[in-house]
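Reviewing the structure listed below.
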Amino acid sequence: MRNSLGELLSTRRVVLTVGCGGVGKTTIAASLALAAARRGRRVLCLTIDPAKRLATSLGLREMRAEAQVVPPELWREGEGEGSLTAMMLDVRGTFDELVTRYASSPEVRARILNNKIYQEVAGSLAGTPEYMAMEKLYALKDDPRYDLIVLDTPPTSNALDFLDAPERMVGLIDSPAIRAFVTAFERTGSLSMNLLSKAMAKVIQGFATFTGSGFLEQVAEFVSDLQGLFGGFRERATKVRETLTGRDVAFVVVTSPDPMAVSEAMFFVERLHEGSMAAEALVLNRVRQAEDTVAPSADRLAGILHSAGVEPSGELASGFARAWRDAATWARKDAQEVARARELMASVPRHLLVPAFDDDVYDIAALSRVAAALV
């Protein structure tokens with residue numbers, strides 16, 4: 001089993017960080033991008049997270065949907081030739097690009113893009129952020145400006161949502177309910193309740209009481225036009241999914257030493273294997289370690305407090321001792337989960353452990369510490 005991601009960063013075209021929300025995928029993705037750039041690769045870090053802290057850690061004022069080159073003087077070590085570029089996923093903009101590509105005519109394209117329903121829901125339909133992240137990856141994967149794309153996948157309550165996104169997107173457009181809705185609209189150019197099932201017609205009539213029939217006509221027009229894009233969407237979804245099984249693509253599964261997060265990571269690894277996708281690394285992030293929690297002697301503790309300008313007292317000393325015992329307990333629990341994760345996911349060829357640092361990741365120096373643990 002290998003304990004470095006250096007080889008992946010040097011040989012792959014795409015690296016995706018995946019896992020459940022709250023385990024630090026974004027930080028790991030940014031750290032990998034930094035490490036690869038320092039190894040001489042031209043790297044694009046494509047992230048979903050608009051957080052100010054992430055932008056600051058990369059030396060940027062804010063994350064944008066346009067590519068931003070991180071100034072080399074902020075991160076480069078020595079005379080390397082790599083580059084580091086950051087971009088935030090624009091879900092709505094990516095959806096607009098798909099509509100533009102697959103609309104049957106300029107009129108249909110304009111009708112969809114200007115439809116108020118589309119403008120409201122284009123970025124929030126079920127599975128849309130996950131699918132658009134992969135769509136953007138597909139659009140950029142052959143961009144000659146970059147040697148490596150590191151993608152931070154969307155935070156979801158269920159990490160498997162990301163892998164299901166193409167099927168969910170196509171299923172949404174081609175569902176029986178949508179087909180019935182489209183049929184009821186297209187034959188007359190307006191929504192015909194007579195062509196809907198009694199149950200559906202009753203629901204829609206009740207909805208019209210509150211929204212007005214004009215709103216429903218907009219919904220019907222949007223749904224009808226969107227289904228007209230189905231063939232193109234289905235073809236594109238197939239290509240996107242095929243990209244993820246390529247030999248130049250690597251998945252890095254990120255988890256924390258939390259029992260639920262470890263279990264979800266295990267299911268993710270199994271799902272990747274079932275889909276012929278390569279789970280190349282497991283990263284255990286924010287691990288509290290026992291060697292950092294050894295309680296100091298009474299004299300050593302007194303010296304620490306004295307150097308901090310605090311007068312030692314029995315109450316203060318006992319509080320410190322209790323805190324150290326608690327830290328040691330958490331470290332033991334983390335060690336148990338790390339061992340469990342390594343056993344459950346022994347098939348993954350690389351296991352990396354990132355310790356829980358005292359400070360948050362807020363600048364290049366902090367990203368560098370994480371990168372050092374990974375490569």
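Note on R92 versus E97: no salt bridge recorded, every NZ/NE/NH1/NH2 to OD/OE distance being 4.0 Å or above. A salt bridge is absent between R12 and D248: the closest approach of a Lys/Arg side-chain nitrogen to an acidic carboxylate oxygen does not fall below 4.0 angstrom. Using a cutoff of 4.0 Å between basic side-chain nitrogens and carboxylate oxygens, K25 and D152 are not scored as salt-bridged. Using a 4.0 Å cut-off between charged side-chain N and carboxylate O, R340 and E343 make no salt bridge. Ion pairing of D326 with R322 is absent here, as no side-chain N (NZ or NE/NH1/NH2) approaches a carboxylate O to less than 4.0 Å. Salt bridge annotation for R64-E62: present, with a cationic side-chain nitrogen under 4.0 angstrom from a carboxylate oxygen.
Here the closest non-hydrogen pair linking R350 and E280 is NH1-OE1, 2.9 Å. Across all non-hydrogen atoms, the minimal contact from V70 to W75 is O-NE1, 3.2 Å. Nearest heavy atom pair, residue L58 against residue A86, reads CD1-CB, 4.0 Å. Between V69 and L60, the shortest heavy-atom contact is O-CD2, 4.4 Å. Heavy atoms only, all atoms of each residue included: R288 and A356 are closest at CG-CB, 4.0 Å. The two atoms that bring V253 and A265 nearest to each other are CG1-CB, 3.9 Å, heavy atoms only.
W330 is listed as a side-chain neighbour of K333, based on a closest heavy-atom distance under 4.5 Å. Side-chain contact check for M277 versus F251: some heavy-atom pair is nearer than 4.5 Å. At least one side-chain heavy atom of L367 sits under 4.5 Å from a side-chain heavy atom of V361. Counting heavy atoms from C-beta on, the side chains of L284 and L352 never come closer than 4.5 Å. M134 has its side chain within reach of L244: a pair of non-hydrogen atoms, C-beta onward, lies under 4.5 Å apart. In this structure, L353 and N3 have side chains that are not in contact, with every pair of non-hydrogen atoms separated by 4.5 Å or more. At a threshold of 4.5 Å between non-hydrogen side-chain atoms, the residues V150 and V43 count as touching. Residues V91 and T94 form no side-chain contact, since every pair of their non-hydrogen atoms from C-beta on lies 4.5 Å or further apart.
Distance check, rounded to the nearest 0.5 Å: CG of D90 to CG of D96 gives 7.5 Å. Interatomic distance, OG1 of T56 versus CE of M63, reported as 10.5 Å (0.5 Å rounding). Atom CG of D258 and atom CG of N285 lie 12.5 Å apart (nearest 0.5 Å). With rounding to the nearest 0.5 Å, the separation of CD in Q68 from CG in L84 is 11.0 Å.
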Next on the checklist: Quick one, R342 with E337, criterion salt bridge (Lys or Arg N to Asp or Glu O under 4.0 Å). Give me CA distance, side-chain angles, the key distance, then yes/no.
Outcome noted: CA-CA 8 Å; R342 286 174 167 166; E337 285 303 310; over 6 Å; no

Checklist entry - Going through the distances and angles, do R38 and S368 end up as a side chain to side chain donor-acceptor pair (under 3.5 Å)? => result CA-CA 10 Å; R38 284 176 169 169; S368 297; 2.9 Å; yes

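Using modelled atom types, one side-chain atom of N114 and one backbone atom of A110 make a donor-acceptor pair closer than 3.5 Å. Between the R41 side chain and the L9 main chain, a donor and an acceptor come within less than 3.5 Å of each other. The main-chain N or O of R145 is found under 3.5 Å from a side-chain atom of D143 such that the two form a donor-acceptor pair. Between the side chain of H351 and the main chain of M345, a donor-acceptor pair closer than 3.5 Å is present. No donor-acceptor pair under 3.5 Å is formed between the side chain of R13 and the backbone N or O of G246. No donor-acceptor pair under 3.5 Å is formed between the side chain of R286 and the backbone N or O of S256. Checked by atom type and distance alone, the side chain of T245 pairs as donor or acceptor with a backbone atom of E242 at under 3.5 Å. Between the T153 side chain and the T17 main chain, a donor and an acceptor come within less than 3.5 Å of each other. A donor-acceptor contact shorter than 3.5 Å links the side chain of T255 to the backbone of A261.
Side chain to side chain, R42 and T85 fail the donor-acceptor criterion of an N or O pair below 3.5 Å. Side-chain N/O atoms of S57 and D363 include no donor and acceptor closer than 3.5 Å. Defined by atom type and a distance below 3.5 Å, a donor-acceptor pair is missing between the side-chain atoms of R241 and T238.
Cluster annotation: F357 is connected to L32 through the hydrophobic network of ILVMFWY side chains, with a link wherever side-chain heavy atoms come within less than 4.5 Å. Under a hydrophobic-cluster definition in which Ile, Leu, Val, Met, Phe, Trp and Tyr are linked whenever side-chain heavy atoms come within less than 4.5 Å, directly or via other members, F267 and L282 are assigned to the same cluster.
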